Every structure is written in structure tokens, then in C-alpha cells.
Amino acid sequence: MDSAKMENQTTTLDAVVIGAGFSGLYMLYRLREAGLSVRVYDAADGVGGVWYWNRYPGARCDSESIYYNYTFSEELYKEWTWKSKYPEQPDILRYLNFVADKFDLRPDIQFKTRIKSAEFDETANRWQIRTDGDETISAKYFITGVGCISTANIPNIKGLNSFKGKWYHTGHWPHEKVDFSGKRVGIIGTGSSGVQAIPVIANEAAHLTVFQRTPQYSVPARNRPYTEEEILQAKANFSEMKRQVRASFGGTTAKIGDRPALEDSFEERQKVFGDAWDAGGHAILTCYNDLLASEEANETVSEFIRSKIHEIVEDPETANKLTPYYYYGTKRAIIDTDYYETFNRSNVSLVDVKKAPIEEITSKGIRTTDGEYELDVIVFATGYDGMTGSLFKMDILGRDGVSLKEKWENGAATRTYLGMTSAGFPNMFMITGPESPSVLGNMPITIEQHVEWITDCINYLREHEVDVIEAKPDAEAEWSKHCGELADTTLYTKVESWYTGANIEGKALGFQIYVGGYGPYHQKCAEIAKNGYEGFTLKSTQKSLL
């Protein structure tokens, strides 16, 4: 903070970064190493980003631990040891605190502070940023690291304020333990957070009622502790692992199958799927190279998982309710521990709210069209306003006072260049923004690439005395078109999901993720930088650089 200057009650910095999770911490580290004055702002009172808030029972990452971390420092990688194959929320939070302490990042982070607005001053070529405490900051660069799924979605259900019990959202869980023992609990939502929380809550609650709108495909995680040998091998293999994950499709060393599903016979496919099911994790989605592109191929894996649901769930009516019929993998691919098995418990019941919708929350519980369910606790596992939600919570104004929300038509016309910049918003960078690979893979790897690209770009601007960098509208239009065309070659756009914004009432539908893979995306970004930041307008006070 010593590098910040106070001028007329305004803090002057080179860069402001929003969010103290994986993105913000690394962005702070890189910019500070480059000699810039920088401050990170976060509404929480500690580091962690989404992992600070997501403390719900069973919260766990679905990327393997040995890949779900930073790779910029071999020393850091070798100093930290994960406990299990899929890391729990407390372990991830401890890891991020370890990183913050190792690199002494906390002095340049301002906690308990929300950014209300950011407006680009075209005269000064600087961002004027205001906090919820009415602090004003002037920064040359405005960088968002707010996350793709960090704005909790609490559905607008009539009567919530009348409920006499307690209610929680998985994305804003209390720091202290919530005691469900002896309680009648209702959980609304069966997305990833619901699938993780349901088995844990069921173990403790007197009765758990699951209110399901859309059944989910889920496969077993097969989580287990790492052996000492596995840990030592991972650390010894750091350099090769780093090379592989950065060039990979999804940020891990997993390989995608080399043939289409229908090339194998039914018996051969059943064995391939069975082996993947037994191995656990996301292996089943990468068995063949066309499961997310071909309807016929997808049906083979979808039907396999449906058959597993009916094998596991003992009551045929409940199994039918839990059976999905859309394309597997087009909603978030979920992995679980004992999810379907939980519905065999005598203290768990399933309510199909598509068949019997929730009418209201009463003082006693939840009323559907079929009746009232008396509850002591309600848990909302209703997900997040993905991709644009956290950006729209801030009033971001670019050239001519046009807001980002207005330009993107509240999400109906989202367009970016590389998923990191947007025309009309100079010197603004979005880490894992819309139309970047972001959530379709192991996030820390794509975060690192974004942070390093942004840092290299800022260093280039400083070396060449460039005041302003801004995406060209035609380059932005071409990138958005390219992202859309790629998405339309897949099944993602054929199913409503939180990827498309379908979970938010009134939100325009659209698929805002680059599906071409991490490796190809990284190559494209590198080429653009190598070509003098092709697709951008670069301006200095003396001259214009094309």
C-alpha cells in the first residue's frame, strides 16, 4: 500500500484488481513483481474468492488436486502437499492462504470492500473506481478476477421472509458449523453443490427432503487419499506436468479418446464406460472423441449412466424421477460420493418440482402444488448467475458513459475479444471472462495463462509508452462469431443450463464459453501478442500505433 498516492482524497494506483481468489492473488503477484503499484479489493475478510464463501457440507473441487493449483512456481508446488485426489474446501482455502503468506500478498489486499462502480475517464485515460465505503481510486488498469460462478442465485420464491426456521445458500455458507442433527431439512436444487451436499446432510438430518427440478447425470468421484509415492512422483514430474496441462484441452493430463463411440460395438462401449465408471471422476466424458459433438454418440454414454441410476436406486419410482434424458455433459458434468445411494435411505425423500412446482415458502416450510412440507431448515443449492453476473453487480462504464451491462444488453449480446477485453472499455482486462475457455476445464491453469498474458501486455504497453489499449470492434465481432460457431458444433447449445443462463429467471440465453480447448486458445493469444497485439488499437499521447 505504500506505493499508493493520496491526491485530493483519491488513491492513485497503476492497477486495481477485483477479487482475492486464484485470479486476484496471482495477478497481484505478477504486477507487483513487474514494479506496478497495485491493490486487490475483495468483499470477504480473507483470501479465497469462491472458496472463501463456498463452505457448504461436502464442498469439494472436481479437478484433481495435483493439477488444481498454481504452476508458476516449482518451489510453491513442492512445498504444498494435498491430502486427497479431490480437495475439500477447507484444504483449498488453506492452500490459498499459504500462497498469500508465502508471497506476502496481504499488505496489498483491501478486504471487506466492494467495488460499486468503475468509470473510464477519457481525458485522463484512467479508471475512476468507487468502493462501497465511498473511497475513490484512480487506476490506469482495471482488472476483474471476480470468477465465473461467484454470484449466488437465490430464487424469488414467495414467502421466504415468513419462514420461521433458518435458511442458507450453498454459495454463502456460515463460517461456523450448521448443525442438522434432529432437524427436518429441505434442499432446493440438485446441481453440483446440491449433489455434494445432499449425502452429507442426509447423514445428519432427521429427515431430508430434496426438491428437484431437473435430474442430473452424476458419476462417482472415487475420491481417496494420495499415497506418499503418488505425491513424490507428482512433485518430481512438475516440469513435464506443467508443460502438458498448459497445452492440453482442459488443463489436466487426461487424454481424450482417439475414436468415435459408434466405432466400437455395444459390448466394447459398455466395457469402456464401465472401466471409466469404476475409475471415477471425469474419465467417462473423455472415453471417445465425439461424446459432446454427436447426438448418437452421446446417447450411448447417457444411456449407460441411466442404467447405473436404476441399478443403484432401489425404489423404481425414485429412480425414474432421478433419471435425466438430455445430453450428458452439456450441463456441468458432476462427480459425487454416494449421491444416488443416498436416496435409498429411509430419511430421504425426493420431490419432483417440475411435476409439482413450489408455490410458496410458508412459516412452516415449503408448499408445492401437491402439499406442504414442514421444515426446520431450508438449503438453497440453486447455483449462481454465471459468466456475467459478478461483472454486472458493478456499474462498469466505458467510453461515452456506456455501461458494460448496457453494451452487452444485459447478457443478450455479450461480446469480447479473447474473453479478456471488450471494445469501448480501454485498459480493462477480465480474467476468465465470457468467451474464454474458463469453466470448461481446470480453472487455475487458464487463470495463470490469462494473468501472464495480461502482465506481458501491460509490460509491452509501458515499454512502448502506450497509454491506452482497446479491442477493435471488428476483432471483437470476429472473436464472438468464432466462439459461437465453435459452440454450435457441439451439443452444449442444444440444452438449457447455467452455462446458457437458463437458471436465472429473465436472463437472456446464450453460450458464452470458448470450447476449442485450453491449448489452442493459449496459442491464439500468444500469436496475437507476437503480432504486436493484433486486433487492438494502441494509443499514446504523442502517436497512434496500429
Side-chain angles (χ1 to χ4, degrees), residues 53-60 88-90 152-216 218 221 309 312-315 317-319 321-322 334-384 503:
W53 301 105
N54 282 252
R55 300 165 183 260
Y56 60 87
R60 187 185 292 274
E88 295 180 349
Q89 178 271 337
N153 169 41
I154 300 174
N156 184 23
I157 301 175
K158 176 185 174 184
L160 178 58
N161 292 335
S162 70
F163 182 57
K164 299 300 184 185
K166 293 187 177 181
W167 66 270
Y168 309 94
H169 191 285
T170 51
H172 286 282
W173 203 261
H175 287 209
E176 64 277 5
K177 175 177 168 52
V178 176
D179 185 6
F180 294 108
S181 56
K183 303 288 177 63
R184 298 165 300 175
V185 182
I187 184 167
I188 302 173
T190 54
S192 182
S193 57
V195 167
Q196 289 183 332
I198 284 165
V200 181
I201 296 174
N203 280 332
E204 191 176 333
H207 191 87
L208 175 65
T209 305
V210 178
F211 295 86
Q212 171 193 270
R213 181 180 66 175
T214 305
Q216 298 288 341
S218 188
I309 296 171
I312 296 167
V313 181
E314 295 164 0
D315 176 55
E317 183 181 348
T318 302
K321 288 181 183 178
L322 289 166
I334 298 173
I335 61 176
D336 72 87
T337 300
D338 296 332
Y339 174 63
Y340 296 120
E341 290 85 349
T342 297
F343 292 93
N344 294 329
R345 298 176 62 108
S346 60
N347 71 327
V348 175
S349 55
L350 178 65
V351 177
D352 182 352
V353 297
K354 189 165 281 186
K355 184 177 179 181
I358 294 173
E359 289 188 323
E360 65 176 327
I361 294 174
T362 68
S363 61
K364 295 180 179 180
I366 294 175
R367 178 182 291 129
T368 73
T369 56
D370 274 355
E372 184 172 6
Y373 299 83
E374 294 191 4
L375 304 167
D376 303 303
V377 180
I378 297 173
V379 174
F380 290 96
T382 46
Y384 306 88
N503 63 318

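Only heavy atoms go into these numbers, but all of them, side chains included; no hydrogens, no water, no symmetry mates. The structure presented is a predicted model; accordingly, all values stated were derived computationally and were not measured.
The two residues Gly191 and Ile334 come nearest to each other via the heavy atoms C-CD1, 3.7 Å. For the pair Asp336 and Ser218, the tightest heavy-atom approach, listed with the atom from each and the gap, is OD2-OG, 2.6 Å. Minimum heavy-atom separation, Thr382 to Pro155: OG1-CD, 3.4 Å. Shortest non-hydrogen contact noted between Val195 and Thr190 is CG2-O, 3.6 Å. Nearest heavy-atom pair across Trp53 and His172 is CE3-ND1, 3.5 Å. Among all heavy-atom pairs drawn from Asn54 and Gly171, the shortest one is OD1-CA, 4.0 Å.
Environment of NZ in Lys183: crowded, with over 12 heavy atoms of neighbouring residues, nucleotides or ligands closer than 6.0 Å.
Judged by distance alone, with hydrogens and angles left aside, the side-chain atoms of Asp376 form no donor-acceptor pair with the main-chain N or O of Gly165 at under 3.5 Å. Between the side chain of Asn347 and the backbone N or O of Ala205 there is at least one donor-acceptor pair closer than 3.5 Å. Tyr373 contributes no side-chain N or O that, together with a main-chain N or O of Thr368, makes up a donor-acceptor pair within less than 3.5 Å. Judged by distance alone, with hydrogens and angles left aside, the side-chain atoms of Ser162 form a donor-acceptor pair with the main-chain N or O of Ile361 at under 3.5 Å. For Ser193 (side chain) and Ala59 (main-chain N/O), no donor-acceptor pair under 3.5 Å exists by modelled atom type.
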Step-by-step side chain to side chain contact (heavy atoms under 4.5 Å, CB included) determination, Gln212 to Leu322: CA-CA 9 Å; Gln212 171 193 270; Leu322 289 166; 3.5 Å; yes
Verdict with reasoning, Val351 to Ile366, per side chain to side chain contact (heavy atoms under 4.5 Å, CB included): CA-CA 11 Å; Val351 177; Ile366 294 175; over 6 Å; no
Residues Phe180, Val379; criterion side chain to side chain contact (heavy atoms under 4.5 Å, CB included); working and verdict: CA-CA 11 Å; Phe180 294 108; Val379 174; 4.2 Å; yes
Side chain to side chain contact (heavy atoms under 4.5 Å, CB included) evaluation trace for Tyr56 with Ile187: CA-CA 12 Å; Tyr56 60 87; Ile187 184 167; over 6 Å; no
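Between Phe380 and Leu160, some side-chain heavy-atom pair lies under the 4.5 Å cut-off. Proximity of Pro199 to Glu341: side-chain heavy atoms (C-beta onward) are nowhere separated by under 4.5 Å.
Within the structure, the salt bridge (charged side-chain N to carboxylate O under 4.0 Å, His left out) test picks out the following pairs touching residues 345-360 (sequence neighbours left out): Glu360-Arg367.
To the nearest 0.5 Å, the span separating CD on Gln196 from CD on Glu88 amounts to 10.0 Å. Remark: Glu374 CD to His207 NE2 distance equals 12.5 Å, nearest 0.5 Å. Distance check, rounded to the nearest 0.5 Å: OG1 of Thr342 to CD1 of Ile312 gives 10.5 Å. Distance check, rounded to the nearest 0.5 Å: NZ of Lys158 to CD1 of Ile358 gives 14.0 Å. The distance from the NE2 atom of His169 to the CH2 atom of Trp167 is 8.5 Å, given to the nearest 0.5 Å. Note that the NZ atom of Lys177 and the CZ atom of Arg55 stand 14.5 Å from one another [nearest 0.5 Å].
Ring-plane geometry between Tyr168 and Trp173 is classed as tilted, the angle between the planes lying from 30 to 60 degrees on a 0 to 90 degree scale.
Counting only N and O atoms by type, the side chains of Asp179 and Ser181 include a donor and acceptor under 3.5 Å apart.
Residues satisfying the side-chain contact (heavy atoms from CB on, under 4.5 Å) test with Glu317, not counting sequence neighbours, are Asp315, Lys321.
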